[in-house]
*Asks:* 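This is the structure, below, for whatever I ask next.
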Amino acid sequence: MIKSIILFFKNNKQFNNLIVYGVGQGFNLITPLLVVPYIVSICGVANYGKVSIAMAIFFFLMVFIDYGSDIIGVKEIAVNRENPQQLEKIFITTFSTKFLLLLLTLSVSAVLFYFVPFFNSERTLFFLGLPILVGQFINPTWYLQGIENFKWITILTIVSKLIYLFGILFFIHQKADYIFINLFWGIGTIIANGITFIYLINKNSFSFQNTIKAEVISLLKSNFSLFSSQIFVSLQMYAPIMLIGVFGNNLMAGHYKIVEQIIVIFKTYIYLFFNFVYPRICYLLESNIQKGLRFWKTYNGLNFIFILVSMIVLFLFSVQVVSYFSKTEVIEISNLLQLAVLIPILLAISIPFKQLVLGFNHQKFYIKITMVMVAVNLLAMMIVIPYFKIVGVFITLIATELITICIYYINVKGKFHLNKTV
């Protein structure tokens with residue numbers, strides 16, 4: 001019996017892919033836990049805040065370079081994985097388009113970093129972070145996801161983070177070295193992604209000489225609507241710390257980032273859990289709503305209990321957790337963490353409702369609500385930051401999540417009533 005179970009998991013491709021992919025994502029989460037305390041101890045909370053603001057800006061700019069390839073590109077590769085000619089066409093067209101967008105993004109960024117006072121005051125930090133965008137340009141993860149090569153995704157993830165980790169530990173020795181932190185992130189991604197990029201070209205004999213201008217223009221047009229929605233999603237993730245930097249100060253940004261670095265572990269887990277159960281929920285909702293809702297309630301209910309218990313533990317031991325990351329302003333940061341634990345709890349409710357909204361094919365409704373709620377959230381943050389500082393940011397995030405839950409519930413509640421009458 002035990003031997004049969006072992007053989008089943010050993011020969012189960014999906015299970016093996018999940019394990020391999022999980023290792024890479026786990027390494028992604030562990031790396032900040034190793035470097036953040038070191039960075040804060042050497043460079044200080046305020047300088048860590050500067051680094052975090054710059055990193056958030058670069059992560060936002062990545063959306064312009066990806067231009068929807070991380071979603072549409074993955075699907076096109078997956079559908080055409082048995083067609084070498086189509087794979088080459090998608091690969092070279094996507095990367096040719098990304099190259100044009102990279103040049104445009106680098107040019108605009110350089111102008112902003114040099115002439116806008118907010119950026120110019122730390123222009124060395126921002127200019128040294130530009131390699132992050134170059135690394136994202138040659139990032140072939142979307143292609144590897146399409147062909148389900150999770151082994152290479154894990155390899156390039158681990159290699160890039162190891163380079164970043166060693167760069168921090170071996171070259172960051174004094175307070176002024178904070179300007180090099182994002183540079184090492186960029187170097188890591190360029191090396192890891194570059195090696196994989198070259199490997200894929202050589203293995204598949206792809207040639208950029210076959211690039212067709214009309215295909216590049218067509219991709220720019222067809223991906224624009226998705227790209228637009230992705231901007232709002234990216235703003236939702238990275239705008240808070242950017243707004244704190246603009247309307248607050250670097251010390252506040254440092255405090256916020258330490259708290260966010262803690263809760264992001266659970267937020268990432270929630271999103272990974274969403275990706276894991278979402279396909280099954282969609283399948284069951286299409287075949288049998290009653291079974292689909294029962295599966296949804298069981299898995300998401302257990303997940304909610306896990307998150308709730310975890311957040312209670314984090315609330316009770318907030319001082320000890322914060323002390324690991326920072327030796328100064330521990331009480332102030334721990335108080336913020338005790339408020340922020342509400343965010344993963346609410347996410348553990350809103351994300352399951354998001355599963356139903358999308359599972360019932362209400363994609364247009366989801367896109368509209370996402371755009372509206374992000375816009376309202378950002379506007380609220382700009383209003384409250386000058387008065388309530390970081391507390392105001394977390395309150396707006398919590399309020400937005402509560403409103404989103406209510407809107408999602410109203411959208412799908414009819415399905416629950418329909419299920420009761422079946």
Side-chain angles (χ1 to χ4, degrees), residues 50-74 90-143 145 156 160 164 179-194 196-198 201 208 211 213 215-243 245-246 371 374 378:
K50 295 177 185 178
V51 172
S52 301
I53 293 170
M55 183 67 81
I57 291 172
F58 287 121
F59 281 170
F60 173 68
L61 292 175
M62 285 180 185
V63 177
F64 292 84
I65 296 173
D66 287 337
Y67 204 75
S69 63
D70 54 329
I71 297 177
I72 296 178
V74 172
I90 297 167
F91 186 92
I92 62 176
T93 300
T94 300
F95 274 107
S96 296
T97 305
K98 290 179 69 173
F99 180 68
L100 294 177
L101 294 169
L102 171 69
L103 294 179
L104 179 61
T105 305
L106 288 176
S107 300
V108 174
S109 298
V111 172
L112 292 175
F113 294 166
Y114 194 82
F115 290 103
V116 176
F118 176 78
F119 299 114
N120 184 263
S121 60
E122 289 288 343
R123 63 176 178 272
T124 304
L125 169 66
F126 286 104
F127 275 106
L128 288 178
L130 289 176
I132 294 175
L133 301 181
V134 178
Q136 187 63 19
F137 154 63
I138 55 177
N139 186 356
T141 298
W142 63 276
Y143 180 88
Q145 285 177 327
L156 69 86
S160 66
Y164 171 66
I179 61 174
F180 300 108
I181 292 173
N182 290 340
L183 172 63
F184 292 119
W185 183 288
I187 291 174
T189 57
I190 288 175
I191 293 175
N193 293 336
T196 312
F197 179 75
I198 294 171
I201 292 176
F208 283 92
T211 304
K213 181 180 177 181
E215 295 291 342
V216 173
I217 296 174
S218 176
L219 188 148
L220 287 170
K221 291 180 179 178
S222 61
N223 284 19
F224 181 76
S225 58
L226 179 64
F227 158 71
S228 301
S229 65
Q230 288 298 99
I231 289 178
F232 281 86
V233 174
S234 185
L235 280 173
Q236 187 178 35
M237 296 174 64
Y238 305 118
I241 192 168
M242 291 189 281
L243 291 176
V246 174
M371 289 183 172
V374 170
L378 296 181

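We use all heavy atoms of the structure for the numbers below, so side chains are in, but hydrogens, waters and symmetry mates are not.
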*Asks:* Show me the side-chain donor-acceptor pairs of residues 179-192 shorter than 3.5 Å, one per line, residues at least two apart or across chains.
*Replies:*
unit_1 : atom_1 : unit_2 : atom_2 : d
Asn182 : ND2    : Val51  : O      : 3.4
Thr189 : OG1    : Trp185 : O      : 3.4
Thr189 : OG1    : Gly186 : O      : 2.8

*Asks:* Got Phe58 and Leu130 here, is their nearest side-chain heavy-atom distance under 4.5 Å?
*Replies:*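 Phe58 reaches Leu130 side chain to side chain.
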*Asks:* Counting N and O atoms only, with roles assigned by atom type, does the side chain of Asn223 sit under 3.5 Å from a partner on the main chain of Tyr67, one being a donor and the other an acceptor?
*Replies:* yes
*Asks:* State, with a plain yes or no, whether a side-chain heavy atom of Leu104 is found less than 4.5 Å away from one of Phe64.
*Replies:*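 No, every pair of side-chain atoms sits at 4.5 Å or beyond.
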*Asks:* Indicate the ring-plane relationship of Phe208 and Phe197, choosing parallel, tilted or perpendicular according to the 30° and 60° boundaries.
*Replies:*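 Judged by the thresholds at 30° and 60°, the geometry between Phe208 and Phe197 is tilted.
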*Asks:* Would you check if Tyr143 and Thr196 make a side-chain contact, meaning some heavy-atom pair closer than 4.5 Å?
*Replies:*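 In short, these two side chains do not touch, never coming nearer than 4.5 Å.
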*Asks:* Are Phe60 and Tyr238 close enough that their ring centres sit under 6.0 Å apart?
*Replies:*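 Phe60 vs Tyr238: aromatic centres not under 6.0 Å.
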*Asks:* Are any of the side-chain heavy atoms of Phe115 and Asn120 separated by less than 4.5 Å?
*Replies:*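 No. Closest side-chain heavy atoms not under 4.5 Å.
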*Asks:* Would you indicate whether Phe99, at its atom CZ, is surrounded by more than 12 heavy atoms from other residues, nucleotides or ligands within a distance under 6.0 Å?
*Replies:*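 Count not over threshold, so no.
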*Asks:* Using the ring centroid of each side chain, check whether Phe95 and Phe91 are separated by less than 6.0 Å.
*Replies:*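 Centroid separation for Phe95 and Phe91: below 6.0 Å.
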*Asks:* Tell me every residue that passes side-chain hydrogen bond (donor to acceptor under 3.5 Å, both in side chains) with Thr141, counting only those two or more places apart in sequence or in another chain.
*Replies:*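 By the side-chain hydrogen bond (donor to acceptor under 3.5 Å, both in side chains) rule, Thr141 matches Asn139.
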*Asks:* Does CZ in Phe224 sit with more than 12 non-hydrogen atoms of other residues, nucleotides or ligands closer than 6.0 Å?
*Replies:*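 Result for CZ/Phe224: open.
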*Asks:* Nearest 0.5 angstrom please: Ile53 CD1 to Phe119 CZ, how far?
*Replies:*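 With rounding to 0.5 Å, CD1 (Ile53) is 10.0 Å from CZ (Phe119).
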*Asks:* Starting at CG of Leu235, measure out to CE of Met242 and round the result to the nearest 0.5 Å.
*Replies:* 6.0 Å
*Asks:* Once you round to the nearest 0.5 Å, how far does CD1 of Ile65 lie from CG of Leu133?
*Replies:*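 Going from CD1 on Ile65 over to CG on Leu133, the span is 4.5 Å.
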*Asks:* Measure from the side-chain N and O atoms of Ser121 to the backbone N and O of Phe118, and report whether any donor-acceptor pair falls under 3.5 Å.
*Replies:* yes
*Asks:* Judged by modelled atom types alone, do Thr94 and Ser69 share a side-chain donor-acceptor pair under 3.5 Å?
*Replies:*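 Not at all, the side chains of Thr94 and Ser69 share no donor-acceptor pair under 3.5 Å.
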*Asks:* Side chains of Ile217 and Lys221: does their closest heavy-atom pair fall under 4.5 Å?
*Replies:*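 In contact.
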*Asks:* Could you tell me if the side chain of Phe137 sits less than 4.5 Å from the side chain of Thr105, heavy atoms only?
*Replies:* no
*Asks:* Considering only heavy atoms from C-beta outward, does the side chain of Tyr114 approach that of Arg123 to under 4.5 Å?
*Replies:* yes
*Asks:* Would you give the length of the straight line joining atom CE of Met62 to atom CG of Leu101, rounded to the nearest 0.5 angstrom?
*Replies:* 14.5 Å
*Asks:* What are the two closest heavy atoms between Phe127 and Pro131, and how far apart are they?
*Replies:*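 Taking Phe127 first and Pro131 second, the nearest heavy atoms are O-CD, 4.0 Å.
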*Asks:* Where do Ile57 and Phe126 land on the side chain to side chain contact (heavy atoms under 4.5 Å, CB included) test, with the steps shown first?
*Replies:* CA-CA 9 Å; Ile57 291 172; Phe126 286 104; 3.7 Å; yes
*Asks:* Are Val108 and Leu61 close enough that some pair of their side-chain heavy atoms sits under 4.5 Å apart?
*Replies:* no
*Asks:* Would you indicate whether Met237, at its atom CE, is surrounded by more than 12 heavy atoms from other residues, nucleotides or ligands within a distance under 6.0 Å?
*Replies:* no
